[in-house]
Novice: 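Here it is, the structure, as structure tokens.
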There are 2 protein chains.
Amino acid sequence: MPTPDRTSLEAIVEAGRDIVESEGPTGLTMQAVAARVGVRPPSLYKRVKNRDDLIRLITKATIRDLGDRLAAVEAEAGTGDASGPELDPRRTLADMARALRGFAHTRPAGFGLVFAPQTSPGGADVEAMTVAVAPLLRVAATLAGQEYELEAARTVTAWASGFIAMELAGAFNLGGDVDRAFEFGISRLADALAARPAN
Amino acid sequence: MPTPDRTSLEAIVEAGRDIVESEGPTGLTMQAVAARVGVRPPSLYKRVKNRDDLIRLITKATIRDLGDRLAAVEAEAGTGDASGPELDPRRTLADMARALRGFAHTRPAGFGLVFAPQTSPGGADVEAMTVAVAPLLRVAATLAGQEYELEAARTVTAWASGFIAMELAGAFNLGGDVDRAFEFGISRLADALAARPAN
DNA sequence: ACCTGAACACCGTTCAAGT
DNA sequence: ACCTGAACACCGTTCAAGT
């Protein structure tokens with residue numbers, strides 16, 4: 001007769017996310033995860049292939065949350081709420097960038113996992129990422145035109161993720177107002193993408 | 001009578017850089033470094049405090065190389081060479097961005113170390129980074145005006161590092177020409193920074 | 001003054017044995 | 001079918017003992 005399950009994949013991933021945020025990626029040991037979900041380390045291998053696999057699952061869950069935030073911004077802009085419909089795509093783009101930054105501030109380590117430069121190749125998060133970024137792609141198309149949709153979306157994503165990564169790493173050490181720099185960047189960027197110059 | 005030194009800090013850092021590039025950050029073990037410089041692991045601790053310290057030194061050396069490349073672009077633009085003096089700061093900015101990208105392609109892992117989102121706080125690379133980025137700061141000032149120097153430099157650095165990080169992570173999986181996206185981004189960005197709109 | 005073997009703590013992972 | 005203790009390989013780091 002099988003024993004009732006003492007944990008679940010979901011609980012393991014959730015525990016992993018918590019640990020990553022509180023202890024950093026280094027703190028994410030199989031022992032720590034096991035302790036948190038109340039089993040012994042070897043039991044984890046019934047649900048995840050290994051530590052890298054767990055990190056992949058944590059990253060994927062983070063990407064999904066991130067996509068939810070972008071979708072929420074898009075929905076707000078599209079339908080219009082109490083403050084009225086938001087028609088300027090530049091404003092929507094800025095809101096999405098701010099949503100991304102807000103998310104990064106609440107889950108800095110998770111954000112780091114998603115946008116880490118040294119990701120293992122063939123990460124199966126490709127699909128999740130594609131879905132998550134779809135709203136951004138749509139505003140980019142509205143703003144820069146269908147022809148430059150991909151380029152515009154990549155420009156914004158690159159800028160925002162780079163900015164936030166540097167911010168989280170404490171790279172903005174020359175003083176100055178980081179919020180101001182963020183608003184400066186998104187404003188100029190939105191203008192530039194909407195400009196559609198000849199080249 | 002003291003024995004002659006069998007290695008040096010320089011050799012250790014250089015070995016570390018090679019290993020990081022060929023095996024990735026995970027492959028950077030004290031044992032691998034020791035084997036490469038021809039001593040036993042414990043001997044490394046005579047020159048570096050620990051593995052984190054070694055990573056810090058590797059990062060710092062990488063930042064210095066990177067700064068050299070930017071300085072070279074600046075020097076070329078300022079003095080003018082066979083192809084004549086390069087006076088358009090937008091062109092200089094684009095050249096610096098391309099230099100950064102070129103560097104990242106030759107040392108992807110090193111680049112990842114420098115622009116990793118999850119850097120340990122208080123990394124002593126602050127000074128090295130400040131020096132390295134100085135040329136970029138100067139073009140930014142020329143382009144966007146002294147008032148927006150810092151914001152403009154941050155915008156470009158964020159975009160470029162974010163773009164390259166995504167490129168290295170294989171995040172540009174929606175097809176399209178990555179080179180084209182890079183040129184699109186730097187071109188629009190340079191225009192936007194030079195525009196100096198009212199806000 | 002640098003180098004080393006031995007040792008310790010810690011971690012990922014496997015596996016046979018339990019229920 | 002899931003869970004566990006025991007075990008193994010591997011790694012970072014310390015330290016007393018060599019030269």
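These numbers come from the heavy atoms of this one structure, side chains and all, not from hydrogens, waters or symmetry mates. Note that this is a predicted model, so its numbers are computed, not measured. Here is how names work: the chains are called A, B, and so on, in the same order as the sequence lines, proteins then strands, and each is numbered from 1.
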Novice: Is there a residue in residues 8-22 of chain B whose heavy atoms reach under 4.0 Å of DNA chain C, and which residues are they?
Specialist: none
Novice: Can you tell me how the ring of F163(A) sits relative to the ring of F172(A), calling it parallel under 30°, perpendicular over 60° and tilted otherwise?
Specialist: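 Taking F172(A) first and then F163(A), their aromatic rings sit tilted (interplane angle of 30° to 60°).
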Novice: Could you pull out all donor-acceptor pairs under 3.5 Å where a side-chain atom in residues 150-160 of chain A meets a protein atom, sequence neighbours excluded?
Specialist:
unit_1: E151(A); atom_1: OE2; unit_2: R180(B); atom_2: NE; d: 2.6
unit_1: E151(A); atom_1: OE2; unit_2: R180(B); atom_2: NH2; d: 3.2
unit_1: R154(A); atom_1: NH1; unit_2: G175(B); atom_2: O; d: 3.2
unit_1: R154(A); atom_1: NH2; unit_2: G175(B); atom_2: O; d: 2.5
unit_1: T155(A); atom_1: OG1; unit_2: E151(A); atom_2: O; d: 2.7
unit_1: T157(A); atom_1: OG1; unit_2: A153(A); atom_2: O; d: 2.7

Novice: Listed by chain and number, what are the side-chain contact (heavy atoms from CB on, under 4.5 Å) partners of E21(A), not counting sequence neighbours?
Specialist: R107(A), P108(A), A109(A)
Novice: Using Watson-Crick and G-U wobble pairs whose two distances are both under 3.5 Å, how do you write the pairing of DNA chain C as dot-bracket, with | for links to another strand?
Specialist: ||.|||||...|||||.||
Novice: Got a sec, which pairs hit side-chain hydrogen bond (donor to acceptor under 3.5 Å, both in side chains) with one end in residues 62-72 of chain A, sequence neighbours left out?
Specialist: R17(A)-D65(A)
Novice: If you find the nucleotide of DNA chain D closest to K46(A) and the one closest to P42(A), which residue's nucleotide is nearer the 5' end?
Specialist: K46(A)
Novice: Under 3.5 Å, which N/O atoms of the protein pair with N/O atoms of nucleotides 10-12 of chain C?
Specialist:
unit_1: dG12(C); atom_1: OP1; unit_2: M30(A); atom_2: N; d: 3.3
unit_1: dG12(C); atom_1: OP1; unit_2: R51(A); atom_2: NE; d: 3.4
unit_1: dG12(C); atom_1: OP2; unit_2: M30(A); atom_2: N; d: 2.8

Novice: Please determine whether a side-chain nitrogen of the Lys or Arg among K46(B) and D5(B) lies less than 4.0 Å from a carboxylate oxygen of the Asp or Glu.
Specialist: no
Novice: Quickly work out the L44(A) CG to dG5(D) P distance and round it to whole Å.
Specialist: 13 Å
Novice: Going hydrophobic residue to hydrophobic residue with side-chain gaps under 4.5 angstrom, can you get from V131(A) over to M166(B)?
Specialist: no
Novice: Only counting residues at least two apart or in another chain, list the ones meeting side-chain contact (heavy atoms from CB on, under 4.5 Å) with D53(A).
Specialist: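 Only V48(A), K49(A), N50(A), R56(A), L57(A) meet the side-chain contact (heavy atoms from CB on, under 4.5 Å) criterion with D53(A).
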Novice: May I ask you to say whether E149(A) pairs ionically with R138(A), meaning some side-chain N is under 4.0 Å from a carboxylate O?
Specialist: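 No, E149(A) and R138(A) are not salt-bridged.
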Novice: Look up atom CZ in R188(A) and atom CG in D191(B), then write down how far apart they are to the nearest 0.5 Å.
Specialist: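 Answer rounded to 0.5 Å: 11.5 Å.
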Novice: Just jot down the side-chain contact (heavy atoms from CB on, under 4.5 Å) partners of E183(B), sequence neighbours excluded, or say none.
Specialist: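 Only R98(B), I186(B) meet the side-chain contact (heavy atoms from CB on, under 4.5 Å) criterion with E183(B).
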Novice: Quickly work out the R40(A) CZ to dC2(D) C1' distance and round it to whole Å.
Specialist: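 The answer, rounded to whole Å, is 15 Å.
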Novice: Report the nucleotide, chosen from dC3(D), dT4(C), dC3(C), that has the shortest atom-to-atom distance to any side-chain atom of V39(A).
Specialist: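 In terms of side-chain proximity for V39(A), the closest of dC3(D), dT4(C), dC3(C) is dC3(D).
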Novice: Please name all residues satisfying side-chain contact (heavy atoms from CB on, under 4.5 Å) with R51(A), sequence neighbours left out, ordered by chain then number.
Specialist: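 With neighbours one apart ignored, the set is L28(A), M30(A), I55(A).
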Novice: Rounded to the nearest Å, what distance is computed from the CG atom of residue L54(A) to the C1' atom of nucleotide dT13(C)?
Specialist: 14 Å
Novice: Do any N or O atoms of the protein come closer than 3.5 Å to N or O atoms of nucleotides 16-18 of chain D, and which pairs are they?
Specialist:
none

Novice: Looking at S43(B), I'd like to know whether one of its side-chain N or O atoms comes within less than 4.0 Å of OP1 or OP2 on dC2(C).
Specialist: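 Negative; the distance criterion is not met.
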Novice: Using the ring pair (Phe, Tyr, Trp, His ring centres under 6.0 Å) criterion, which residues pair with F103(B)? Sequence neighbours excluded.
Specialist: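 None.
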Novice: Show me the pairs that pass side-chain hydrogen bond (donor to acceptor under 3.5 Å, both in side chains) and involve residues 26-43 of chain B, at least two apart or across chains.
Specialist: D18(B)-R36(B)
